[in-house]
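One-based numbering, in listed order, for ligands and for the atoms of each.
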Amino acid sequence: MSSSMPLLLPPSPLPTLFAILILPLSLLLLRLALQRNLRARAHGMPPSPPKLPFIGNFHQLGSLPHRSLHALSQKHGPLMLLHLGQIPTLVVSSPDAAREVMRTHDHVFASRPALKPSKVLHNDCKDLAFAPYGEHWRQLRKICVVHLLSSTRVQSYRLIREEEVGFMIRKISSRASPTTTSVDMSEILYSLFNDIICRVVSGKFAREEGRNVLFRELIEEYLVLLSRIYVGDYFPWLGWLDVLFGSMARAQKNKKRWDDLLDGVIQEHEDRSAKGDDGEKDFVDVLLSLREDPGNHALLTPQTIKALLMDIFSGGTETAYATLEYAMAELVRSPRAMAKLQHEVRGTASRKGMVKEEELNEMVYLKAVVKEVLRLHPPGPLLVPRELIEDCQMQGYIIPKKTRVLVNAWGISRDPSHWEAPDEFKPERFMGDGAMDFKGNHFEFTPFGAGRRICPGMSFAIASLELALANLVYHFDWELPGGLTSEDLDMTEAFGIVQRRKQGLQLSIYCSGIAWAKQWWESLTRSCFVLGIEEQGNSKTCNETTYYDFCVSSLGSDPHSRKADVKGLSTIAINIAISNATNTSSFAAALAHNATDASLVAVLRACAARYANAREALRWSLDALSTEAYDYAFVHVSAAAEYPNVCRVLFRQNPRLAYPAAMARREEDLEHLCTIALEIISLLG
Ligand code: HEM
């Protein structure tokens with residue numbers, strides 16, 4: 001019955017209408033599209049999706065261009081030519097095409113378009129990241145790679161990383177309670193990377209007068225400005241609209257604020273160096289000293305130095321923060337991976353408080369987790385736009401000079417033809433022989449780009465990311481707050497030049513029953529447990545330390561100790577540690593001077609440098625103590641206690657060399673002195 005029903009109804013006019021109008025129209029459109037693509041092929045141009053008059057393909061970018069472009073590339077192929085307004089833009093969506101762009105024809109694709117925000121913010125693209133390919137970029141890149149971000153330099157910022165990560169752990173601890181509590185991870189992680197970069201770039205006074213907070217505000221606005229679409233970048237003749245809409249004024253305002261802040265920082269560094277300050281060198285110190293070289297005069301103008309610093313502030317903060325936030329989100333969504341990571345970190349670390357950098361080398365799963373996060377969530381999903389400096393033939397097409405180029409690193413690293421279960425979080429894919437890395441040799445996975453323009457901050461970022469992640473999972477157990485399940489966690493991305501989560505990340509922590517986490521917790525929350533200690537003198541205070549005799553004898557060597565209060569005793573203990581570190585540094589340098597074996601000389605010189613670092617950290621702790629920043633004093637002394645370890649490890653790695661007994665004794669003394677200082681500082685609450 002039902003099957004015969006339609007026969008009883010009057011015939012619908014729709015199919016006829018469809019046949020008469022829609023079908024021929026669709027066929028016509030299809031034919032036009034095919035013809036256009038054939039024409040493009042005949043002219044050697046890559047295929048283009050159909051475009052609208054005037055705006056071209058703009059409407060197809062959507063709110064998350066990397067996702068929309070990935071979907072388009074599934075239809076139109078790994079090389080597509082879009083027209084964004086008047087600007088031809090090549091979209092690269094396969095590892096082979098990416099290899100051609102960033103290796104085979106790297107020099108042709110190595111320039112950047114001169115975009116309007118960069119012209120304003122970087123004084124006509126005088127920075128590194130947005131500079132056109134040429135002599136200015138080449139020289140600045142060399143300075144960055146050799147003097148600011150070389151592996152030796154990155155290693156020399158270890159103290160800063162360890163202190164800031166230590167400070168983050170204390171901050172989280174102070175918000176934890178024996179029962180579960182919720183923590184605003186976005187806020188904590190952003191502050192971590194912001195503070196690391198502020199210290200590395202502008203030195204130990206980065207926190208003074210809330211300067212780190214000001215930097216953060218400027219970076220956030222700066223990235224918003226770089227992410228906006230400027231009409232003039234796509235319709236050059238309509239550039240006046242950007243003035244009319246106030247976009248240019250907003251960029252100029254941000255630039256003025258950067259100028260004021262950075263001029264002050266540079267002036268301060270110049271004044272300090274005029275006074276002969278020989279403390280640890282930050283980026284500004286290095287750039288100012290390079291400027292002394294007549295060969296760099298023309299390059300390192302104040303405008304160029306400031307533009308480069310802006311790149312480093314923005315490149316170094318938001319990218320690393322976004323990665324670590326995604327890492328924590330993926331791990332709480334995957335309890336199996338979290339458990340595996342905690343097992344590795346807790347089993348490998350020495351259980352002496354903080355996970356140290358030298359322990360990270362053995363943590364293969366940790367490294368795989370970081371890579372997998374970068375694969376799923378590359379902070380620069382379309383890398384940084386490039387521009388062709390001359391016509392180029394690739395994959396049978398001719399790409400004209402001046403074409404803009406977007407490499408869809410996000411799409412490539414989720415392509416099922418190259419990745420099994422590409423949307424799943426599976427760090428194991430990065431383990432074992434032949435696993436891919438991100439150093440620009442595997443074009444399936446290029447979160448840092450590749451070729452001449454590859455990110456120069458890669459090692460710096462990875463060192464900070466691994467250390468922070470290892471410590472986060474070592475000290476605490478994490479879960480979603482309020483009984484949320486992993487499906488409830490909103491992973492939506494926000495639009496922007498740096499891809500990050502749209503929603504902030506709130507996580508719950510609980511200090512688990514794990515012995516070392518508890519131990520750490522107790523040491524952090526230990527308050528002044530001996531009241532009236534000031535009146536009782538140093539022997540009573542020493543009672544609270546691990547090395548009573550050593551404490552009494554060393555503090556007693558300073559006559560002021562008898563009348564000193566707890567803060568005074570902390571100062572005395574740190575000063576004694578400083579003289580130990582200073583003497584040992586000179587001692588190691590003298591041994592190196594007299595040694596003939598080249599390896600021994602190298603190791604002893606490295607020891608001398610480590611003890612000098614320890615001395616520096618201890619001096620910083622005195623500064624912190626004097627302003628009653630006891631948290632900082634604590635982290636600086638903890639870092640100082642670790643430096644001598646590096647010396648011992650170096651000798652252990654060279655079994656042919658005997659570790660001088662006098663060095664071993666001094667190392668032990670410094671470690672004990674630091675422990676005493678830490679325990680006394682803890683009494684200050
Ligand atoms: C997870 C962290 C980071 C990621 C994923 C990342 C990613 C990238 C990418 C994709 C590029 C463009 C590469 C290309 O065009 O092929 C780039 C360039 C750059 N990055 Fe990073 N970056 C990170 C951290 C850093 C850090 C910590 C710094 C500095 C301290 C930094 C400084 C720069 C600079 C100066 C450039 C421009 C290089 C040039 O154009 O020659 N980045 N980065």
Any heavy atom of Phe130 under 4.0 Å from ligand 1? The part involved is neither
Counting from 1 in the order shown, the ligand 1 atoms closer than 4.0 Å to a non-hydrogen atom of Arg112 are 14 (C), 15 (O), 39 (C), 40 (O)
So the atoms of ligand 1 within less than 4.0 Å of a heavy atom of Arg141 turn out to be 38 (C), 39 (C), 41 (O)
Correct closest heavy-atom pair for Pro456 and Arg141 would be CD-NH1, 3.8 Å
Inset, instruction - Answer yes when Arg216 and Asp195 have at least one side-chain N-carboxylate O distance shorter than 4.0 Å, and no when they do not. - result: no
Under 4.0 Å from one or more heavy atoms of Pro456, ligand 1 contributes atoms 19 (C), 20 (N), 33 (C), 34 (C), 35 (C), 36 (C), 38 (C)
The protein heavy atom nearest to atom 23 (C) of ligand 1 is Thr319 OG1, 3.5 Å
_Taking the six-membered ring of Trp419 as reference, does the cationic atom of Arg375 (NZ for Lys, CZ for Arg) lie under 6.0 Å from its centre and within 45° of its axis?_
yes
Check whether any N or O atom of Thr323, backbone or side chain, sits under 3.5 Å from an N or O atom of ligand 1, and answer yes or no.
no
Note: heavy atom closest to atom 27 (C) of ligand 1, options Gly316, Gly380, Cys144, Ala463, belongs to Gly316
Worksheet item: Within 45 degrees of the axis of the six-membered ring of Tyr234 and under 6.0 Å from its centre: does Arg404 put its NZ or CZ there?
Response: yes
- Query: Looking at Arg501 and Glu493, does any basic side-chain N land under 4.0 Å from a carboxylate oxygen?
  - Reply: no
Practice prompt. Take the angle between the ring planes of Phe130 and His122 and call it parallel below 30°, perpendicular above 60°, tilted in between.
Written response: parallel
Query raised in the report: So, are Glu466 and Lys367 salt-bridged, with charged N and O less than 4.0 Å apart?
Result: yes
Atoms of ligand 1 under 4.0 Å from any heavy atom of Ala450, numbered from 1 in the order shown, are 16 (O)
Ranked by distance from atom 25 (C) of ligand 1, the top protein heavy atom is Gly315 O, 3.3 Å
Next on the checklist: Taking distance alone, with N or O pairs closer than 3.5 Å, would you say Asp311 contacts ligand 1?
Outcome noted: no
Looking only at non-hydrogen atoms, the one of His377, Arg453, Arg138, Gln499 nearest atom 14 (C) of ligand 1 is Arg453
Candidates Ala129, Pro379, Pro447; heavy atom nearest atom 7 (C) of ligand 1 found on Pro447
Applying side-chain hydrogen bond (donor to acceptor under 3.5 Å, both in side chains), run through Glu163 and Tyr632 and close with a yes or a no. CA-CA 8 Å; Glu163 284 181 349; Tyr632 286 108; over 6 Å; no
Indicate yes or no: does Asp106 engage Arg386 in a salt bridge with an N to O separation below 4.0 Å. yes
Q) If you measure only the distance, is there a donor-acceptor pair under 3.5 Å linking the side chains of Tyr365 and Glu428? A) yes
Ranked by distance from atom 28 (C) of ligand 1, the top protein heavy atom is Gly457 CA, 3.6 Å
One thing to verify: whether Lys256 and Asp259 come together as a salt bridge, which I'm taking to mean a side-chain N less than 4.0 angstrom from a carboxylate O.
no
Practice item. For ligand 1, find out whether one of its N or O atoms is nearer than 3.5 Å to an N or O atom of Arg386. Key: yes
- Is Arg452 close to ligand 1, meaning an N/O of one under 3.5 Å from an N/O of the other? no
Among non-hydrogen protein atoms, atom 35 (C) of ligand 1 lies closest to Leu128 CD2, 3.7 Å
Quick note on ligand 1: atoms under 4.0 Å from a heavy atom of Ile312 include exactly 30 (C)
*Side-chain contact test, heavy atoms from C-beta onward, threshold under 4.5 Å: evaluate it for Tyr133 versus Glu387 and give yes or no.*
no
Taking only non-hydrogen atoms of Leu383 and a 4.0 Å limit, the atoms of ligand 1 in range are 10 (C)
shortest atom 6 (C) of ligand 1-to-protein heavy-atom contact is with Phe448 CD2, 3.6 Å
When distances are taken from atom 21 (Fe) of ligand 1, the protein heavy atom at minimum range is Cys455 SG, 2.3 Å
